[in-house]
Amino acid sequence: MIKAMLFDCDGVLADTEPLNFLCWNLALKELCGVSLPDQVSVILGLDLEQIVDVAFAHSNQSKPVITESLKQALLKKRYPFFCANGPEI
């Protein structure tokens with residue numbers, strides 16, 4: 001039984017940015033056919049729409065309209081990978 005949960009929203013306890021980057025990259029590759037540039041720092045502090053903008057800015061494809069269904073699909077694709085590979089605290 002879980003008795004408590006700890007949320008680390010600023011990265012002090014666990015550095016999850018590299019994992020976050022990999023998960024977004026996986027989702028973008030599978031659903032949109034584009035990849036992020038190789039630096040994790042390019043998406044630090046960005047929201048989902050901005051992350052999609054960065055990915056398409058570095059591709060030869062035109063950016064699709066970012067609909068609510070595309071957002072949900074990207075989040076659903078990213079979430080299980082992040083949870084399965086996240087750090088144990």
S.K.: I'd like to know if the side chain of Gln61 and the backbone of Gly33 have a donor-acceptor N/O pair within less than 3.5 Å.
M.R.: yes
S.K.: If you count heavy atoms of other groups shown closer than 6.0 angstrom to CG of Asp38, is the number above 12?
M.R.: no
S.K.: Please say yes or no: joined through hydrophobic side-chain contacts below 4.5 Å, possibly via intermediate residues, are Ile43 and Leu75 part of one cluster?
M.R.: yes
S.K.: Are Leu22 and Tyr79 connected in a single hydrophobic cluster, I mean Ile/Leu/Val/Met/Phe/Trp/Tyr linked by side-chain heavy atoms less than 4.5 Å apart?
M.R.: no
S.K.: Please check if the side chain of Thr16 supplies one atom and the backbone of Leu19 the other of a donor-acceptor pair under 3.5 Å.
M.R.: no
S.K.: Would you say Leu44 and Phe21 make side-chain contact, with heavy atoms under 4.5 Å?
M.R.: no
S.K.: If you look at every heavy atom in Ile66 and Leu70, which pair is closest and at what distance?
M.R.: CA-CD2, 4.2 Å
S.K.: So which heavy atom on Ala4 is nearest to which on Ile2, and how close?
M.R.: O-CG2, 3.3 Å
S.K.: Report yes if some heavy atom in the side chain of Leu28 is under 4.5 Å from a heavy atom in the side chain of Arg78; otherwise report no.
M.R.: no
S.K.: Check whether any side-chain heavy atom of Lys29 sits under 4.5 Å from a side-chain heavy atom of Asn25, and report yes or no.
M.R.: yes
S.K.: Between Lys63 and Asp53, is there a side-chain heavy-atom distance shorter than 4.5 Å?
M.R.: yes
S.K.: Mind checking whether Leu74 and Val52 have side chains closer than 4.5 Å, heavy atoms only?
M.R.: yes
S.K.: Looking at CG of Leu46 and CH2 of Trp24, how far apart are the two atoms once the value is rounded to the nearest 0.5 Å?
M.R.: 11.0 Å
S.K.: Please walk me through it: do Val54 and Gln50 pass side-chain contact (heavy atoms from CB on, under 4.5 Å)?
M.R.: CA-CA 6 Å; Val54 168; Gln50 292 168 321; 5.7 Å; no
